[in-house]
Every structure is written in C-alpha cells, then in structure tokens.
Amino acid sequence: MVDLGATPPCERILTAEQLEEPEQTYPLHLRVCTSCWLAQIPPLITPEDTFTDYAYFSSYSASWVEHARAFVAGLDLRPDAFVVEVASNDGYLLRHVVDRGVRCLGIEPSVNVGQAARERGVPTVTAFLTPESARAVVREHGTADHVVANNVYAHIPDVIGFTKGLRTLVADDGVISIEVQHLLTLMRLNQYDTIYHEHFQYYTVASARRALASGGLTLVDVELLTTHGGSIRLWARPSGTPSQRVADVLAMEKAAGLHDISGYIDFTERVAKVRRDLLTFLVDAAEGGSTVVGYGAPGKGNTLLNHCGVRPDLLAYTVDRNPYKHGKFTPGARIPIFPPERIAADRPDYVLVLPWNLRDELIEQLSYIRDWGGRLVFPIPTLEVV
C-alpha cells in the first residue's frame, strides 16, 4: 500500500546521552493481504520491545479521559459485575468503574504505567494477554461480564492467540468491546502517520470480523467513532447474530474498494502529497524568518517527522504534557521535547500540531497563541493553517 522508508520505533524517546549513539531503524512498509484484506506490517519489533516501559499515559489527554468516562457511564453494569480491561494503561478508564463500586481488573504489560494505575486505586496485573495469562486471571478472579480492549487490537503480532485470550476472559453470556482505528478513515483522510511499528494491523470491519472468528468470537455490532481520527467500536460475544449496523459498515467499506484491490492503489501518491505540502510550508517559513515549533510528541508525529525528513532546522522543538518526555528527544528526527509552557515563553509564529486527532481540544488549549498572532498548523488530512 505504501512504503514509508525505514524509521526507528516511534515510542523510543531518546535521552541526551543517547544522541551520541546509533539508532536502529526498521522498514515501515504497509501491505494488504488479498485473501483476508487485513492491512498489516511485518512484526519487526516485539511488544516487549515497546510496552515493557512505555512513554504513553492515556490520562494526559483530557478528551480521551472524557471519552472513557462517557463509555463507562453508558454501560449497564450490575452491582456484582466484573469488568476486565486489557491494555488498561494508567487506569484512565477503569477508575470510572471503581467509582461506580463495580469490581474490575486491569491487565497492563507496561510496568511504569501499570504502577500509575495501582496508585490511582485501580487493581492491575502486569502481563501481556495470551491464552495462558487469561487462564491465570480466570482461575484467580473468574470470568468477566465485560472485557474492554481499547487501542490494543492493532498492537498484537499474534492476533489469533490474543483473540483466544479475550474469549477465555469473557463469560459465555458476557460481551467484549474493542476500539481500534478504522482503515476506512485512515485511507480517506490520509492518516498515514498512524502507521508505525507498534501497530501491526489496520482493520476494516470485514478483516476484524475474520480475526474475531479465529478466536471463537462473533461480531454482533459496530459503532463508528470520531476518536483517533476515526475508529470502530466492535462488540463481540461468544455467540450471537450481527446487527444491521455491521451490514451497513461492511457495505460502506465495499463501496470504498476496501474489499478488493481498487481502494488501495492510489494511497502512495496521496501520502507523497502530504509530505510535499508539509515540507514546502516548513522550508518557506524558515526562508521567511518565521519560527515553527511543535505541539505533542505522539507516536504518529514521529512517523510524520521521519518520513518527511524534518529536523531541528525546520522544527526547533516540540512540547508535550507528559513529564516523562521532557528533556528528551524524538526518535530519528531528534527534535527536543520541552514542557508546554515553553510556547508561551518563546511566542513562535507557528505551532505544528502533531496529535491532529485532538484538534478541538488543542485549539482550545492553545488559544493563547492568538495573543501574539501565532497560528496553528495541522498537517493531516491536508495542510491547514488556522
């Protein structure tokens, strides 16, 4: 589908000392299988490489925390229910289950963010989900009435084993909810920066339905979400009948050419245009004496910066709310990362927004740059200066 060259893993934030060391890069080539239509990259790195000590804490995004709160508020949970979240991060979602007085458990492989969850009062075990670890959880805690797996289904090299783990966790009459980016919106809106080495799969509803079936689960419903630029919430059970919404989204995907080769063939050129437009803007700004800094240091931003060849001469630095990243440098591009307060101190002409999926939240957060005539730049789906 597209060849993004070779980049370092997007979450390997560098210390100052590591700037003197070589970085290993890996090919970043997105392919699609013409048998099952699952888009994927080869598993060149392991989850252990990325998630044992992780730089992403979900609670630093106010809109994502609100998304989780609203989701939990909408669940019909009995007082004696048991909720398990896989890849529960720092407890951003389960803390709302705790607040409802409902028993819950997080399964989180990253030691550092799992500890943050426990400090918030969210019971959390440190483990990757496999059929074996799922059986261990069930032996100790019993099966779950509701299993949540948000933004993890694309991070698993062994899709079948992970899906069997989900099936082991859930009760026979229970339900699983999975949120994952939708390949349909990735393609439509040129969201190629969400392609990186820790994302092994890129799902349509059609390919997700096949993946779920491989582990003994039936897709019974689907919702289209705006999160992460466009996601799907998949509802699966050990048995059941798919809803009309499943059929409707499958029809949308088929009309977009994602169930055959036709929808994939022009993606490379659209990606190339995003790159050219961003580089043209940055070079023109530099030639004109304007200062450009970044906002955010997300994984997607590192794909974009490395694919476009952006270095500190074009983007002086970026800022991030996560203290874990302060004083460090983005992988590959080696852009310095500072606290957000740096923007107000330096008053740059432009702020390049790397987590463009948080557009509304960040337009509000960064409204103060109007005080000196600063402007925001969104690189995707097409370059926009606001």
Other hydrophobic cluster members with L14, side-chain heavy atoms of Ile/Leu/Val/Met/Phe/Trp/Tyr under 4.5 Å, chained? L19, F329
Common cluster, [X]/[Y], ILVMFWY with side-chain heavy-atom separation under 4.5 Å:
{"X": "I363", "Y": "V377", "answer": "yes"}
{"X": "F71", "Y": "L225", "answer": "no"}
{"X": "F200", "Y": "I160", "answer": "no"}

With rounding to the nearest 0.5 Å, note down the distance linking [atom1] in [X] to [atom2] in [Y].
{"X": "L166", "Y": "I178", "atom1": "CG", "atom2": "CD1", "result": "5.5 Å"}
{"X": "L282", "Y": "L352", "atom1": "CG", "atom2": "CG", "result": "6.5 Å"}
{"X": "E11", "Y": "S110", "atom1": "CD", "atom2": "OG", "result": "9.5 Å"}
{"X": "I176", "Y": "T218", "atom1": "CD1", "atom2": "OG1", "result": "10.0 Å"}
{"X": "R270", "Y": "R188", "atom1": "CZ", "atom2": "CZ", "result": "10.5 Å"}
{"X": "Y192", "Y": "N190", "atom1": "OH", "atom2": "CG", "result": "9.5 Å"}

Is there a side chain to side chain contact (heavy atoms under 4.5 Å, CB included) between V83 and D145 once you walk through the steps? CA-CA 6 Å; V83 179; D145 301 287; over 6 Å; no
Under-4.0 Å salt bridge between [X] and [Y]:
{"X": "D349", "Y": "R375", "value": "no"}
{"X": "D99", "Y": "R95", "value": "no"}
{"X": "R359", "Y": "E384", "value": "yes"}
{"X": "R78", "Y": "D80", "value": "yes"}

Is it true that [Y] and [X] share a donor-acceptor pair across their side chains at a distance under 3.5 Å?
{"X": "T124", "Y": "E108", "result": "no"}
{"X": "D320", "Y": "H326", "result": "no"}
{"X": "D193", "Y": "T303", "result": "no"}
{"X": "Y202", "Y": "Q191", "result": "no"}
{"X": "Y153", "Y": "E179", "result": "no"}

Judged by atom type as modelled, is there a donor-acceptor pair below 3.5 Å linking the side chain of [X] to the main-chain atoms of [Y]?
{"X": "R321", "Y": "P340", "answer": "no"}
{"X": "K325", "Y": "A297", "answer": "yes"}
{"X": "E269", "Y": "D266", "answer": "no"}
{"X": "T268", "Y": "M1", "answer": "yes"}

Residues forming a side-chain contact (heavy atoms from CB on, under 4.5 Å) with [X], sequence neighbours excluded:
{"X": "R69", "value": "E66, A73, H96"}
{"X": "V125", "value": "L105, I107"}
{"X": "P42", "value": "R31, L44"}
{"X": "T7", "value": "L28, H197, N306"}

Do you know which two heavy atoms are closest between [X] and [Y], and how far apart they sit?
{"X": "R167", "Y": "D172", "value": "NH2-OD1, 2.8 Å"}
{"X": "A206", "Y": "H259", "value": "CB-NE2, 3.4 Å"}
{"X": "D277", "Y": "L383", "value": "O-CD2, 3.9 Å"}
{"X": "L184", "Y": "A256", "value": "CD1-CB, 3.5 Å"}
{"X": "P355", "Y": "P298", "value": "N-CG, 3.9 Å"}
{"X": "P381", "Y": "L189", "value": "CB-O, 3.0 Å"}

Checking S231 against Q181 for the side chain to side chain donor-acceptor pair (under 3.5 Å) test, could you report, in this order, the C-alpha distance in whole Å, the side-chain angles of both residues, the deciding distance, and whether it holds? CA-CA 4 Å; S231 299; Q181 188 182 26; over 6 Å; no
Kindly determine whether F162 and F128 satisfy ring-ring contact (aromatic ring centres under 6.0 Å, His included), including the steps that lead there. CA-CA 9 Å; F162 184 87; F128 287 94; 9.9 Å; no
Looking at residues at least two apart in the chain, or sitting in another chain, which of them share a side-chain hydrogen bond (donor to acceptor under 3.5 Å, both in side chains) with [X]?
{"X": "D371", "value": "none"}
{"X": "Y203", "value": "none"}
{"X": "D248", "value": "Q244"}

Counting heavy atoms not belonging to E287, are there more than 12 under 6.0 Å from its CD? no
Heavy atoms of other groups near K328 NZ, more than 12 under 6.0 Å: yes
With side chain to side chain donor-acceptor pair (under 3.5 Å) as the rule and sequence neighbours excluded, what pairs involving residues 332-345 come up? E23-R334, R342-D346
Enumerate the residue pairs fulfilling side chain to side chain donor-acceptor pair (under 3.5 Å) with a member in residues 32-43, sequence neighbours excluded, ordered by first and then second residue. none
Quick one: is the NZ or CZ of R103 closer than 6.0 Å to the six-membered ring centre of F82, and within 45° of its axis? yes
Show your reasoning for whether side chain to side chain donor-acceptor pair (under 3.5 Å) applies to S262 and D260. CA-CA 6 Å; S262 62; D260 58 68; 2.5 Å; yes
Describe, in one word, how the ring planes of Y196 and H199 are oriented to each other, choosing from parallel (under 30°), tilted (30 to 60°) and perpendicular (over 60°). parallel
CA sep, side-chain torsions, deciding dist, call: L376, Y295, side chain to side chain contact (heavy atoms under 4.5 Å, CB included): CA-CA 9 Å; L376 300 179; Y295 187 95; over 6 Å; no
Evaluate the side chain to side chain contact (heavy atoms under 4.5 Å, CB included) criterion for residues V274 and T382: first the C-alpha distance (whole Å), next the side-chain angles of each, then the deciding distance (0.1 Å), finally the verdict. CA-CA 6 Å; V274 172; T382 57; 5.9 Å; no
Given the rule in the side chain to side chain contact (heavy atoms under 4.5 Å, CB included) test, do D90 and E119 qualify, once you have shown the distances and angles that lead to the verdict? CA-CA 9 Å; D90 60 3; E119 291 170 359; over 6 Å; no
Verdict with supporting geometry, N357 and K300, side chain to side chain donor-acceptor pair (under 3.5 Å): CA-CA 10 Å; N357 54 300; K300 63 169 61 72; 3.1 Å; yes
For H182, which residues count as a ring-ring contact (aromatic ring centres under 6.0 Å, His included) partner, sequence neighbours excluded? none
Residue pairs involving residues 232-251 (criterion ring pair (Phe, Tyr, Trp, His ring centres under 6.0 Å); sequence neighbours excluded): H146-W235
